[in-house]
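All remarks here apply to the structure that follows.
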Amino acid sequence: MTPTETLSISEELRERFAQANNVLVLTGAGVSAESGVPTFRGGGNTTVWKGMPFDVISSAGMIARDLPAVWEWFNYRRGLLAVLKPNPGHEAIAGWQTRFRDLTLVTQNIDGLHQAAGSHNVIELHGNIWRARCFECKARHHARELKFDNNVPVCFDCGGNLRPDVVLFGEMLPAGAFEAAAAKAHTCDLCFVVGTSAVVYPAASIPEIARGASAYVVEVNPERTALSDLCDEVLTGKAGEILPLFDQ
Ligand code: OAD
């Protein structure tokens, strides 16, 4: 099957959008690009920090070897993200919560910008940079309350070392997150895949599950991805420009 590729929304998609009850949206770094968050892939943007590639500094091995370095890197990223605001793409998705009987938002992003735009109950597959969790008692704390002094912060409850509550390379997803997303993918009638290169599994399997369950799958991305051929419709462009068009 070859998907319809357009710069504007087809009549069929407008009709499906108007009739849909259960909608699932999967987002990736691209939905935050217009807010100023760099994507991981594409655009010649290979993230390197202090000579270390992203997948080295953000890895389970680095947590074991050098926790202070991981905190320094995450403090740096928190500093960059703290001043960024949601864009019209995040806002459009937040607005869909009241439009459909059931809207499930699944994100691979850790930046918290969907919540800042007003989205609730977001399934965060890769955690959230604004949370820390304790190695010892597993308590979670708001990272906004933590200092940026690059020492390893300690748990307010038990005094154990904290770590960023995000999924690092070589780690499992948070318990239940993928299962909850997959269950919704099985029952949705419309699935949007927004701003993800769809190469990281199991996140990339969510639209595949939706397609297998006969949902209409729509991709929103300026570039083709590994998933484009599976989609019913590909909207070629930026999330912040395309998503608000559904409400016009
Ligand atoms: P990628 O950086 O792999 O892909 C970003 C996608 O966004 C690309 O397909 C771009 O074409 C697209 N894009 C860029 N600007 C856009 C815009 N304005 N609107 C819409 N799309 C746009 O990011 P992810 O797919 O999110 O995991 O990466 C998945 C995971 O890989 C991340 O969560 C991260 C990384 O390893 C972990 O850190 C565990």
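The figures that follow rest on heavy atoms only: side chains count, while hydrogens, waters and symmetry mates do not. Counting convention: from 1, in listed order, for ligands and their atoms alike.
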Under 3.5 Å donor-acceptor, Glu91 side chain and Gly118 backbone: no
Aromatic plane relationship, Phe246 with Phe17 - under 30° parallel, 30 to 60° tilted, over 60° perpendicular: tilted
Pair Arg224 + Asp229, salt bridge at N-O below 4.0 Å: yes
Distance-only polar pair, side chains of Thr187 and Asn22, donor-acceptor under 3.5 Å: no
Atoms in ligand 1 with a heavy atom of Ala33 nearer than 4.0 Å: 15 (N)
Numbering as shown, the atoms of ligand 1 that approach Glu34 to under 4.0 Å (heavy-atom distance): 17 (C), 18 (N), 19 (N)
Test salt bridge (Lys or Arg N to Asp or Glu O under 4.0 Å) applied to Glu12 - qualifying residues, sequence neighbours left out: Arg16
Closest candidate by heavy atom, reference atom 1 (P) of ligand 1, pool Pro222, Pro38, Ser32, Ser197: Ser197
Nitrogen or oxygen atoms of Phe40 and ligand 1 under 3.5 Å apart: yes
Gly28, Gly195, Ala239: member with heavy atom nearest to atom 5 (C) of ligand 1: Gly195
Val200, portion touching ligand 1 at heavy-atom distance under 4.0 Å: side chain
Numbering as shown, the atoms of ligand 1 that approach Ala29 to under 4.0 Å (heavy-atom distance): 23 (O), 24 (P), 26 (O)
Check: Thr225 N/O within less than 3.5 Å of ligand 1 N/O: no
Min side-chain heavy-atom separation Glu219-Leu235 under 4.5 Å: no
All salt bridge (Lys or Arg N to Asp or Glu O under 4.0 Å) counterparts of Asp189, not counting sequence neighbours: none
Salt bridge Lys50-Glu72, side-chain N to carboxylate O under 4.0 Å: yes
Heavy-atom nearest option to atom 8 (C) of ligand 1, drawn from Leu235, Ile242, Asn221, Val194: Asn221
Proximity of Gln108 to ligand 1 by residue part, where a heavy atom lies under 4.0 Å: both
Mutual orientation of the aromatic rings belonging to Trp96 and Phe100 [parallel < 30°, tilted 30-60°, perpendicular > 60°]: perpendicular
Atom indices of ligand 1, in the order listed, that fall short of 4.0 Å to a heavy atom of Val167: 39 (C)
Mode of Lys238 contact toward ligand 1 - side chain, backbone, both, neither (heavy atoms, under 4.0 Å): both
Atom indices of ligand 1, in the order listed, that fall short of 4.0 Å to a heavy atom of Phe169: 36 (O)
